[in-house]
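Chain A is the first sequence line, chain B the second, and so forth, proteins listed ahead of strands; every chain is numbered from 1. As a basis for the values below, the full set of heavy atoms in this structure was taken, side chains included, without hydrogen atoms, waters or symmetry mates.
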Protein chains: 2
Amino acid sequence: MNSSADEFLTPIDSAETGAQQIRDAIRDAIVERRLAPGTKLSESDVGGLFNVSRTLARAALQALSYEGLVSVEKNRGAFVAYPSPEEARQIFAARRLVEPGILKSAAERITPVQLRQLRHLLLEEGRLMGERGQSARRAEIKASGDFHLMVAGISGNLIMQRFMEELVARSSLVIALYGQSSASSCGHSEHGDIITALEQKDIDAACGLMLHHIAHIEADLDLRERKSFGLKEAFER
Amino acid sequence: MNSSADEFLTPIDSAETGAQQIRDAIRDAIVERRLAPGTKLSESDVGGLFNVSRTLARAALQALSYEGLVSVEKNRGAFVAYPSPEEARQIFAARRLVEPGILKSAAERITPVQLRQLRHLLLEEGRLMGERGQSARRAEIKASGDFHLMVAGISGNLIMQRFMEELVARSSLVIALYGQSSASSCGHSEHGDIITALEQKDIDAACGLMLHHIAHIEADLDLRERKSFGLKEAFER
DNA sequence: GTGCAAATTATTGTATACAATTTAGCATCG
DNA sequence: CGATGCTAAATTGTATACAATAATTTGCAC
């Protein structure tokens, strides 16, 4: 059909189906803490909010449930995931398990350009740390996760990258729930240390720093059981 | 209240929602090679096959796409995943990356009862290896995967367990596509060696054996490009 | 006969309608 | 006054109908 060579420069595969857009929007809202854990996500409400039918809303919620960000209960509805302390520990155990290996793969393939991109991300992260306010803190959490995601991307393994996306998103949820200090997501200097180790091709040091970094984040959590979920003060929309 | 199991030919009476049952059925069919990679899974056909509407069929296919067993292409349809050689390598790279860590966690928690269960599974696996025929070979592949899944289950980390389920399923697809000898899925003795190492609490040895085992499986693959069916898809990309 | 192009067909994308299940409120009874 | 059973509202589960998009076929011109 399109025998013209002008077409392939515009691979608009980002024309994703509606459900995927809604899924991304809700995921961002969850990760950025605009949606509190435990919030009920009624299909009708979601659909109405995005001006689509329940069909798409349902598909989006279903997708999010596969990522562990939403828990759907049969005949009961969908809720923003409310990870238990045990679940939180497992999420970070998973990260300790996979991130050193991912970092090792990344270190073996990283290019100078990618190192510069990492530095750039770090700079952005630092800038956000300087600012104050809710939105800055949210962006800070996001930037902190993006560092790990970029490392996963550099590793070149799409499967691990996807898995890390899930882990980082769920980590944000955990941090939102159990994080104590606003510094919980930072580890800013630790990110920098890891980059430095990468620049020096010191893979073992980088992996050690990564492990320490993850442990540091987890140590800043208060993983006591919270049983009284406060009513939806989350509806401050 | 659930004594209504008299629907003819429709055992759709379990706790799971219909879409989940269909998803499981198709997944089993894929993993057991009853559905060849690249097979088109039309929503109407799937729905008709299970006597449900397209809605449920679509949900099941969507779910399988999140597991990487089915690839749905916008406005084109769903197909049994046809992993490329590169994808296959990434799958096994991921397994090499995570399985030692999972095994380590499992070794630290394993109980005598669980060790016996592993031995039992091994026995079953060996019995299937002795038999001949397609169905035996299929069951053998499945049993081989079940060993790894049981280890993941023993590790106690639900997230890693879920991830391993995905990796094992996709591995079966890869083996079905690129496996050369019927021994590709075996590694039967290697499973036994790993169990022995576990019994002796020799974690490092067990991890080493696991790495070797995975490498062995991968080495038995013939990861050359196959463009046999790729009429449409060859032109697409 | 070959190549392009428009119409046709088939399949997916989305919305709406109906059924089943759960939750809540209320009335009744102990 | 409290507990219990029933009715009603709301929400999810599923099916069907319609719209949009891609594949196929057919027809026409060269």
Side-chain angles (χ1 to χ4, degrees), chain A residues 1-5 7-8 10-26 38-66 70-80 229 231-232 235, chain B residues 1-5 7 10-26 38-66 70-80 229-237:
Chain A
M1 308 169 184
N2 49 2
S3 54
S4 71
E7 289 285 18
F8 65 86
T10 57
I12 309 180
D13 57 347
S14 64
E16 294 184 332
T17 178
Q20 287 175 311
Q21 284 184 269
I22 297 171
R23 160 175 65 81
D24 293 343
I26 298 179
T39 304
K40 182 170 175 70
L41 298 174
S42 147
E43 296 177 356
S44 307
D45 291 353
V46 171
L49 196 55
F50 290 91
N51 285 93
V52 296
S53 74
R54 264 185 56 217
T55 305
L56 294 191
R58 184 184 181 83
L61 294 173
Q62 199 77 8
L64 288 167
S65 88
Y66 290 117
V70 160
S71 81
V72 309
E73 303 175 23
K74 189 171 143 67
N75 283 319
R76 235 161 246 152
F79 305 84
V80 178
F229 26 102
L231 274 152
K232 312 326 189 224
F235 281 127
Chain B
M1 58 158 85
N2 25 0
S3 59
S4 66
E7 288 292 332
T10 55
I12 302 182
D13 186 303
S14 82
E16 293 189 336
T17 177
Q20 286 175 314
Q21 282 186 269
I22 297 171
R23 160 175 65 81
D24 293 343
I26 298 179
T39 304
K40 181 171 176 72
L41 299 175
S42 143
E43 296 176 357
S44 306
D45 292 351
V46 171
L49 196 55
F50 290 91
N51 285 93
V52 296
S53 73
R54 264 185 56 215
T55 305
L56 294 193
R58 184 184 180 83
L61 293 172
Q62 200 76 8
L64 288 167
S65 88
Y66 290 118
V70 160
S71 81
V72 311
E73 304 175 24
K74 187 170 147 67
N75 283 318
R76 235 163 248 153
F79 305 84
V80 178
F229 81 106
L231 224 53
K232 302 134 182 154
E233 305 206 5
F235 287 155
E236 265 305 315
R237 195 65 187 158

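Rounded to whole angstrom, the span from the CD atom of B/Q62 across to the C1' atom of C/dT12 amounts to 11 Å. If you take CG of A/N51 and C1' of C/dA15, they are 13 Å apart, rounded to a whole angstrom. Distance B/K74 NZ to D/dA22 P: 7 Å, rounded to the nearest Å. Protein atom CZ of B/R58 is 15 Å distant from nucleotide atom C1' of D/dT14, rounded to whole Å. Rounded to whole Å, the distance from CZ on B/R23 to P on D/dT14 is 13 Å. Nucleotide C/dA10 holds its P atom 13 Å from the CG atom of B/D45, rounded to whole Å. Atom CZ in B/F79 sits roughly 9 Å away from atom P in D/dA23 (whole-Å rounding).
Of the residues listed (B/L64, B/L49, B/L61), the one engaging B/L41 in a side-chain contact (heavy atoms from CB on, under 4.5 Å) is B/L61, and it is the only one.
Contact between B/K40 and B/F79 at its shortest, heavy atoms only, is CA-CD2, 3.7 Å. In terms of heavy-atom proximity, A/Y66 sits nearest to B/R23 at OH-NE, 4.1 Å. Of all non-hydrogen atoms in B/A57 and B/E43, the two that sit nearest each other are CB-O, 3.5 Å. Nearest heavy-atom pair across B/S65 and B/V72 is CB-CG1, 4.0 Å. Contact detail for B/A59 and B/A19: the closest heavy-atom pair is CB-CB, 3.8 Å.
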Starting from the C-alpha separation in whole Å, work towards a yes-or-no answer on side chain to side chain contact (heavy atoms under 4.5 Å, CB included) for A/I26 and A/D24.
CA-CA 5 Å; A/I26 298 179; A/D24 293 343; over 6 Å; no
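Expressed to the nearest 0.5 Å, how far OG of B/S42 lies from CZ of B/R58 amounts to 11.5 Å. Interatomic distance, A/D45 CG to A/T39 OG1, rounded to the nearest 0.5 Å: 11.5 Å.
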When you compare the protein's N or O atoms with those of nucleotides 23-25 of chain C, which come within less than 3.5 Å of each other, and at what distance?
residue	atom	partner	partner atom	Å
C/dT23	OP1	A/R76	NE	2.9

Return the polar atom pairs (N/O with N/O) between nucleotides 16-18 of chain D and the protein under 3.5 Å, or none.
residue	atom	partner	partner atom	Å
D/dT16	O4	B/T55	OG1	3.3

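Side chain of A/L56, nearest nucleotide from D/dG13, C/dT11, C/dA15: C/dA15. Among the nucleotides D/dT11, C/dT12, D/dG13, the one closest to the side chain of A/E43 is D/dG13.
Under 4.0 angstrom from either OP1 or OP2 of C/dT12 there lies at least one side-chain N or O belonging to B/S42. OP1 or OP2 of D/dT12 has at least one side-chain nitrogen or oxygen of A/K40 nearer than 4.0 Å.
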Bracket notation of DNA chain D in which parentheses pair within the strand, [ ] cross earlier pairs, and | pairs with another strand (Watson-Crick or G-U, under 3.5 Å):
||||||||||||||||||||||||||||||
